[in-house]
Amino acid sequence: MKLDRKEILKALETITIAGEGKNMVESGAVANVITFGDEVVVDLVLHTPAMHIKKRAEDDIKKTIHELISADAKIKVNIKVETPEKAEIKGRAIPGIKNIIAVASGKGGVGKSTVTANLAVTLAKMGFKVGVLDADVYGPSMPIMFDVENEKPVSITVDGKSKMKPIESYEIKMLSIGFFTAPSQAVIWRGPMAAKALNQMIFDADWGELDFMLLDLPPGTGDIHLSIMQSLPITGAVVVSTPQAVALADAKKGVSMFMQDNINVPVLGIIENMAYFTPEELPNNKYYIFGQEGAKNLAEDLNVPFLGEVPIVQSIREAGDYGRPAALQTASPIEAVFEEITRNVVQETVNRNESLPATEAIKITTMAGCSAVKKN
Ligand SMILES: Nc1ncnc2c1ncn2[C@@H]1O[C@H](COP(=O)(O)OP(=O)(O)OP(=O)(O)O)[C@@H](O)[C@H]1O
Ligand SMILES: [Mg+2]
């Protein structure tokens, strides 16, 4: 018996790996297929460290080839896991945290927090250990989005030091200034105070081992952003924009803030939120209310990756208010949307860590044209 490589690839197209929207050939997971007589070797590249997903992929491949091609085929599956290992971090790294991803926007209200929450739960579903730091000291929203607004982090002793224990919800560890203030209280933080509070949530907390820490940043490009980049070696930034021209102009400022010579935080890409409206009952109808592909074009202009688009869906807003991120809903279109975007974020993090040295926490001495620095 002689196995045919093309036939095997065709058979593999019937398999979808958990957490990947497309079939394993289309998604690029199948790196190579080699046949020798009745033997076939399939090389697979997965973006998840989850054992059960690796095992399932291997079982599915064997079963599919045996059923569709030949029951006698001798099959070997090699799985390489490509998860984003941090480049060696200099500066004030947090031990145990591999990748710190900042989610930013120029304009407010474009959906940073919604995107952060849904990225976090999707990464966790893929098998990563995930933490979220709500760095929006002016309008913290993570406690509501994760239904933990009445929780209070407790202090625990780790190696003789007292540390804050992050709150856990849907397998995500999180800290937010919202846990320390009354929801109705308007908190007026001066820049340095806010920076101090953030520093405590970062360095005086017991985050444990994390593959990803997501930072939900406040809108804009102000002094909080600079303090965060001064205290933390950020692996990369994801910029969220809606398609309107005003939002895109601000997103451009956001991207250029990270890319400034003296900041140098790699931009992993742009996500377009509220890209189009889809009525829940007509999921194939797309209405581009705010214009089409604005963020995609911006990404092209700025030469940064485009990570994907999130539609306006009522359930995304409802889920946010209700405290259960929409991407947790299995087999829903929203889950698929966030799986694709999250996969792109993971891939860009892998690329970034392979091609660039670690980010150093920046040291700002002077920054022309940025008065926010002087305030500190
Ligand atoms: N794709 C979407 N579909 C429907 N509603 C959305 C979507 N994205 C965000 N929203 C809703 O829009 C509102 C603003 O979103 P969100 O709070 O995530 O924005 P933000 O950029 O974090 O805002 P801020 O700048 O105030 O921090 C929320 O009510 C949220 O539920
Ligand atoms: Mg927000």
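For reference, positions follow the sequence shown, starting with 1. Every heavy atom of this structure was used, including side-chain atoms; hydrogens, water molecules and symmetry mates were not.
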Exercise for the section: Taking the side chain as every heavy atom from C-beta outward, state whether M257 and V239 have any atom pair closer than 4.5 Å. Expected result: no
Exercise for the section: For atom CD of Q200, decide whether the heavy atoms of other residues, nucleotides or ligands shown that lie under 6.0 angstrom number more than 12. Expected result: yes
Completion exercise
Interatomic distance, CD@E300 vs CZ@F306, rounded to 0.5 Å, equals 9.5 Å
Practice task
For this output row, return yes or no: ring centroids of Y276 and Y288 closer than 6.0 angstrom.
Solution key: yes
Problem - Criterion side chain to side chain contact (heavy atoms under 4.5 Å, CB included) on D147 and Y322, from CA distance to verdict - result: CA-CA 7 Å; D147 194 22; Y322 179 70; over 6 Å; no
Exercise for the section: Taking the side chain as every heavy atom from C-beta outward, state whether N23 and I15 have any atom pair closer than 4.5 Å. Expected result: no
Handout entry: Any side-chain donor near an acceptor of the partner, T157 and S162, under 3.5 Å
Key = no
Completion exercise
Exactly one candidate in R56, K55, K62 meets salt bridge (charged side-chain N to carboxylate O under 4.0 Å, His left out) with D59; the answer is K55
Problem - pair E309-I271: side-chain heavy atoms closer than 4.5 Å - result: no
Practice task
Kindly say whether G220 contributes a backbone atom to a donor-acceptor pair with the side chain of H225 at under 3.5 angstrom?
Solution key: yes
Problem - T235 side chain to I101 backbone, donor-acceptor under 3.5 Å - result: no
Problem - Approximate separation, where rounding is to 0.5 Å, of S176 OG and E151 CD - result: 12.5 Å
Handout entry: Any donor-acceptor N/O pair, R352 side chain to L268 backbone, under 3.5 Å
Key = no
Exercise for the section: To the nearest 0.5 Å, tell me how far I316 CD1 sits from N273 CG. Expected result: 6.5 Å
Handout entry: Flag side-chain contact, heavy atom, 4.5 Å: P311 against F277
Key = no
Practice task
Answer yes or no: is there a donor N or O on one side and an acceptor on the other, between the side chain of E272 and the main chain of A295, under 3.5 Å?
Solution key: yes
Exercise for the section: Taking the side chain as every heavy atom from C-beta outward, state whether V130 and V121 have any atom pair closer than 4.5 Å. Expected result: no
Problem - Verdict with reasoning, L175 to W207, per side chain to side chain contact (heavy atoms under 4.5 Å, CB included) - result: CA-CA 9 Å; L175 281 175; W207 288 100; 3.8 Å; yes
Exercise for the section: Inspect the surroundings of CG in D321 and state if more than 12 heavy atoms from other residues, nucleotides or ligands are less than 6.0 Å away. Expected result: yes
Exercise for the section: Inspect the surroundings of NZ in K163 and state if more than 12 heavy atoms from other residues, nucleotides or ligands are less than 6.0 Å away. Expected result: yes
Handout entry: Minimal non-hydrogen separation, V148 against S169, with atom names
Key = CG1-CB, 3.8 Å
Fill in the blank from the handout: Residues G291 and P243: closest non-hydrogen pair is O-CB, 3.6 Å
Practice task
Indicate whether any N or O donor in one side chain lies under 3.5 Å from an N or O acceptor in the other, for D216 and S113.
Solution key: yes
Exercise for the section: Report the C-alpha distance between E58 and V42 in whole Å, list the side-chain angles of each, state the deciding distance to 0.1 Å, and finish with yes or no for side chain to side chain contact (heavy atoms under 4.5 Å, CB included). Expected result: CA-CA 9 Å; E58 182 170 352; V42 179; over 6 Å; no
Exercise for the section: Provide the closest heavy-atom pair for I177 versus P140 in the form atom of the first, atom of the second, distance. Expected result: CG2-CG, 3.6 Å
Problem - Beyond-backbone contact of I8 with I69, side-chain heavy atoms, under 4.5 angstrom - result: yes
Problem - Closest contact, heavy atoms only, K107 versus K112 - result: O-NZ, 3.8 Å
Problem - Over 12 non-hydrogen atoms of neighbours within 6.0 angstrom of CD in Q292 - result: yes
Completion exercise
The residue among E171, E335, E339 that forms side-chain hydrogen bond (donor to acceptor under 3.5 Å, both in side chains) with K125 is E335
Handout entry: Close side-chain approach of F36 to L3, heavy-atom, < 4.5 Å
Key = no
Problem - K54 NZ: over 12 foreign heavy atoms closer than 6.0 Å - result: yes
Problem - More than 12 heavy atoms of other groups within 6.0 Å of K173 NZ - result: yes
Problem - N351 and E354 side chains, donor-acceptor separation under 3.5 Å - result: no
Handout entry: Flag, side chain of N118 to backbone of A326, donor-acceptor distance under 3.5 Å
Key = yes
Handout entry: Interatomic distance, L215 atom CG to T116 atom OG1 [nearest 0.5 angstrom]
Key = 9.0 Å
Practice task
Go through the steps to decide whether K98 and D211 satisfy the test salt bridge (Lys or Arg N to Asp or Glu O under 4.0 Å), and finish with yes or no.
Solution key: CA-CA 5 Å; K98 288 186 183 151; D211 295 305; 3.3 Å; yes
Handout entry: Side-chain (N344) to main-chain (L307) donor-acceptor, under 3.5 angstrom
Key = yes
Problem - Check: N353/N99 side-chain N/O donor and acceptor closer than 3.5 Å - result: yes
Handout entry: Any side-chain heavy-atom pair of T122 and I341 under 4.5 Å
Key = no
Problem - T278 and K286 side chains, donor-acceptor separation under 3.5 Å - result: no
Practice task
Starting at CG of L214, measure out to CG of L133 and round the result to the nearest 0.5 Å.
Solution key: 10.0 Å
Practice task
Please confirm whether the backbone N or O of K161 pairs with a side-chain atom of D159, one donor and one acceptor, at under 3.5 Å?
Solution key: no
Problem - Heavy-atom pair with the smallest gap, counting every atom of I334 and A327 - result: CG2-N, 4.2 Å
Exercise for the section: Please check if atom NZ in K152 has more than 12 non-hydrogen atoms from other residues, nucleotides or ligands closer than 6.0 Å. Expected result: yes
Completion exercise
Separation between CZ (F180) and CE (M201), nearest 0.5 Å, reads 6.5 Å
Exercise for the section: Please step through side chain to side chain contact (heavy atoms under 4.5 Å, CB included) for the pair L232 and F203, ending with a clear verdict. Expected result: CA-CA 10 Å; L232 268 183; F203 295 104; 4.3 Å; yes
Problem - Qualifying side-chain hydrogen bond (donor to acceptor under 3.5 Å, both in side chains) pairs with a residue from residues 33-44, counting only residues at least two apart or across chains - result: D38-K74, D43-N78
